[in-house]
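Lettering follows sequence order; numbering is per chain, from 1.
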There are 2 protein chains.
Amino acid sequence: MYRPLAVRSGMLQSDWETIPEITCSGQLGALIALDRMGSRLHFSRDEEVYAQGDSDGAWYKVISGVVRISKLRADGRRHIASFAFGGDAFGLESAGERAFSAEAIGEVTLMRYPWAVTKRLTEENPAVARYLCEMAQKSLAAVQNRLILLGRMTAQERVASFLLELFERDDADHIDVAMSRCDIGDYLGLTTETVCRILSDLKRRGIIAVRTHAIDLTDRPSLEAIGEDRENKEVRARGFAAASKTELARTGTPALPQPL
Amino acid sequence: MYRPLAVRSGMLQSDWETIPEITCSGQLGALIALDRMGSRLHFSRDEEVYAQGDSDGAWYKVISGVVRISKLRADGRRHIASFAFGGDAFGLESAGERAFSAEAIGEVTLMRYPWAVTKRLTEENPAVARYLCEMAQKSLAAVQNRLILLGRMTAQERVASFLLELFERDDADHIDVAMSRCDIGDYLGLTTETVCRILSDLKRRGIIAVRTHAIDLTDRPSLEAIGEDRENKEVRARGFAAASKTELARTGTPALPQPL
DNA sequence: CGTTCGCTTGATATCTATCAAATCCTGTGG
DNA sequence: CCACAGGATTTGATAGATATCAAGCGAACG
């Protein structure tokens with residue numbers, strides 16, 4: 001669970017332009033208005049966008065690259081709450097002080113939107129508010145799915161899920177893995193070693209081809225069989241509702257999937 | 001991980017009143033406007049407010065009682081994403097189909113707000129939008145903290161954290177534990193048995209007094225020592241930034257807390 | 001071209017799940 | 001009001017998954 005230290009960089013943020021009075025009401029107008037408010041920033045590997053404890057009143061959106069949203073605890077245990085890829089917004093959750101820090105993984109370009117002007121825009125333009133709300137809701141849904149992964153999935157399922165997520169994001173059978181094994185571990189609640197072992201195992205079984213920072217998917221069905229539970233295999237509660245209480249009770253807890 | 005089945009109830013929802021044209025712009029006005037749109041509902045033990053797969057276009061707010069937000073997977077593993085107590089909003093994350101189901105734990109009274117009218121209000125009244133946004137952000141922050149609990153905390157720390165959360169919520173040394181041990185387990189990513197064992201151990205050590213549905217806190221400092229990492233012991237990233245990279249690397253991962 | 005950090009693999013320890021069984025509660029019916 | 005039944009809780013014994021400790025390997029970088 002060791003991790004490289006993020007380098008604090010002087011953020012080269014351009015000055016805000018004076019805020020024009022904007023009252024267009026379409027969704028598109030809202031986004032344009034927002035973009036006018038934002039400044040474009042660039043960060044290099046392991047530079048901090050913000051640190052936990054900071055109180056920079058802004059939220060961000062990734063243009064390119066990957067950002068790591070993480071929390072470090074006094075005992076050294078680190079947890080990565082999420083990776084923000086191109087198009088993802090982050091830093092939405094903070095009212096005052098940052099609970100997490102955000103660091104660039106490799107070269108990153110992003111937009112920074114101060115809350116102050118965002119809030120003003122919000123009042124002038126309902127579409128902006130709706131847009132923000134939607135992004136927060138989207139984040140919320142994403143995080144809630146991760147709760148199940150961390151709370152109830154085996155190491156193998158976690159890694160498979162993670163890989164599938166990456167493959168789907170790029171809609172390809174090839175992905176560049178920007179983050180380190182350690183990052184992946186801290187994201188999935190596993191150790192570096194366990195992540196390695198699972199990857200090696202998947203490779204041995206001919207499901208993926210692994211190179212340090214790139215992975216190819218050679219047997220999608222198998223990988224899905226391992227990790228798909230993530231989304232699809234939910235129970236239709238309605239369906240179950242038909243079963244009697246005791247009947248379900250007797251079934252008990254099914255066995256967990258095969259070991260490593 | 002067995003669980004009792006929720007009973008699907010015919011929801012006795014009152015008819016909406018015709019929506020008045022509201023254009024007041026204060027926060028208070030927003031809440032009043034929202035409340036006008038909502039209907040008050042009541043549920044009994046294990047009744048479903050909504051089920052996963054449902055698509056009721058609404059969000060909710062708890063007036064009294066506790067609601068369990070959970071997801072059941074095909075293999076029988078269940079996970080509880082959150083408990084919603086009095087004052088908490090839930091069901092905010094769903095755009096279309098419900099990913100989770102919501103069930104009453106004991107007697108519950110709550111407000112139901114349809115998205116359709118909420119959205120309309122949002123456009124008429126920026127304060128409503130902001131209010132919703134804030135609630136979504138609040139939920140987001142809460143869920144993100146649970147990620148760490150599930151990903152990086154031991155069973156003992158999880159239970160201690162959970163108890164502290166309950167004690168803090170009521171601001172008392174006594175709590176009524178409405179949910180079953182099984183619910184707690186599914187919330188913390190543990191089995192019923194483990195939850196029991198931890199509680200028994202805490203009792204044995206004189207930290208809490210346990211009765212089935214009520215717990216007293218007799219030694220707050222000890223409990224905090226076990227579970228407080230949850231919030232407070234975060235590292236000030238700034239502080240660490242001073243240390244050299246290698247220095248921190250050599251420290252390595254510290255040992256985990258004492259066993260059960 | 002060497003050094004360093006990250007990755008990989010192996011051996012072992014430990015935590016928590018699983019399986020099993022006794023006891024306690026709670027709600028129900030007499 | 002009390003006895004009963006069924007589920008919930010608790011405790012014990014054991015197995016298994018993943019963390020921890022340790023060491024070699026490989027790749028990136030100055």
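Computed from coordinates, the A:Leu190 CG to D:dA17 C1' distance equals 11 Å when rounded to whole Å. Distance CG (B:Asp46) to P (C:dT26): 16 Å, rounded to an integer number of Å. For B:Gln156 and C:dT16, the CD to C1' distance is 13 Å, given to the nearest whole Å. Taking atom CG of residue B:Leu199 and atom P of nucleotide C:dC24, one finds them 18 Å apart after rounding to whole Å. For the pair A:Arg77 CZ and D:dT18 P, the interatomic distance rounds to 18 Å; values are reported in whole Å. The nearest whole Å value for the distance from the CE atom in B:Met153 to the P atom in D:dT18 is 20 Å. Separating the CZ atom of A:Arg152 from the C1' atom of C:dA17 is a distance of 10 Å, rounded to the nearest angstrom. Note: CZ (B:Arg211) to C1' (D:dA8) measures 17 Å, nearest angstrom.
Each end of the helix from C:dC1-D:dG30 to C:dG30-D:dC1 gets its own axis from five base pairs, and the two axes differ in direction by 50°, given to 10 degrees.
Residues meeting the side chain to side chain contact (heavy atoms under 4.5 Å, CB included) test with B:His174, sequence neighbours left out: B:Asp176, B:Arg211, B:Ala214, B:Asp216. Listed by chain and residue number, A:Asp173, A:Glu224 satisfy the salt bridge (charged side-chain N to carboxylate O under 4.0 Å, His left out) test with A:Arg220 (two or more places apart in sequence, or in another chain). Contacts of A:Val143 classified as side chain to side chain contact (heavy atoms under 4.5 Å, CB included), with partners at least two apart in sequence or in another chain: B:Leu140, B:Val143, B:Gln144, B:Leu147.
Under the 4.5 Å side-chain criterion, counting only non-hydrogen atoms from C-beta, B:Lys71 is in contact with A:Asn145.
Identified under the ring pair (Phe, Tyr, Trp, His ring centres under 6.0 Å) test for residues 178-203 of chain A, with sequence neighbours left out: A:Phe83-A:Tyr187, A:Phe162-A:Tyr187.
Looking at B:His42, its side chain never comes within 3.5 Å of a backbone N or O of B:Thr109 through a donor-acceptor pair.
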With 3.5 Å as the limit, what N/O pairs link the protein to nucleotides 11-13 of chain D?
from	atom 1	to	atom 2	distance (Å)
D:dT11	OP2	B:Ser200	OG	2.1
D:dG12	N7	B:Arg197	NH1	2.8
D:dG12	O6	B:Arg197	NH2	3.2
D:dA13	N6	B:Arg197	NH2	3.4

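Closest contact between the side chain of A:Arg181 and the listed nucleotides C:dC7, C:dT18, C:dC25 involves C:dC7.
For the salt bridge (charged side-chain N to carboxylate O under 4.0 Å, His left out) test with A:Asp201, the passing option among A:Lys203, A:Arg205, A:Arg197 is A:Arg205; the others fail.
Here the two rings, on A:Tyr60 and A:Tyr50, have centers that are under 6.0 Å apart.
Nearest-nucleotide mapping onto DNA chain D: of A:His213 and A:Arg158, the residue sitting toward the 5' end is A:Arg158.
Among the heavy atoms of the strands, none lies under 4.0 Å from B:Gly185.
Taking each heavy atom of B:Ile175 and B:Leu166 in turn, the nearest pair found is CG2-O, 3.6 Å.
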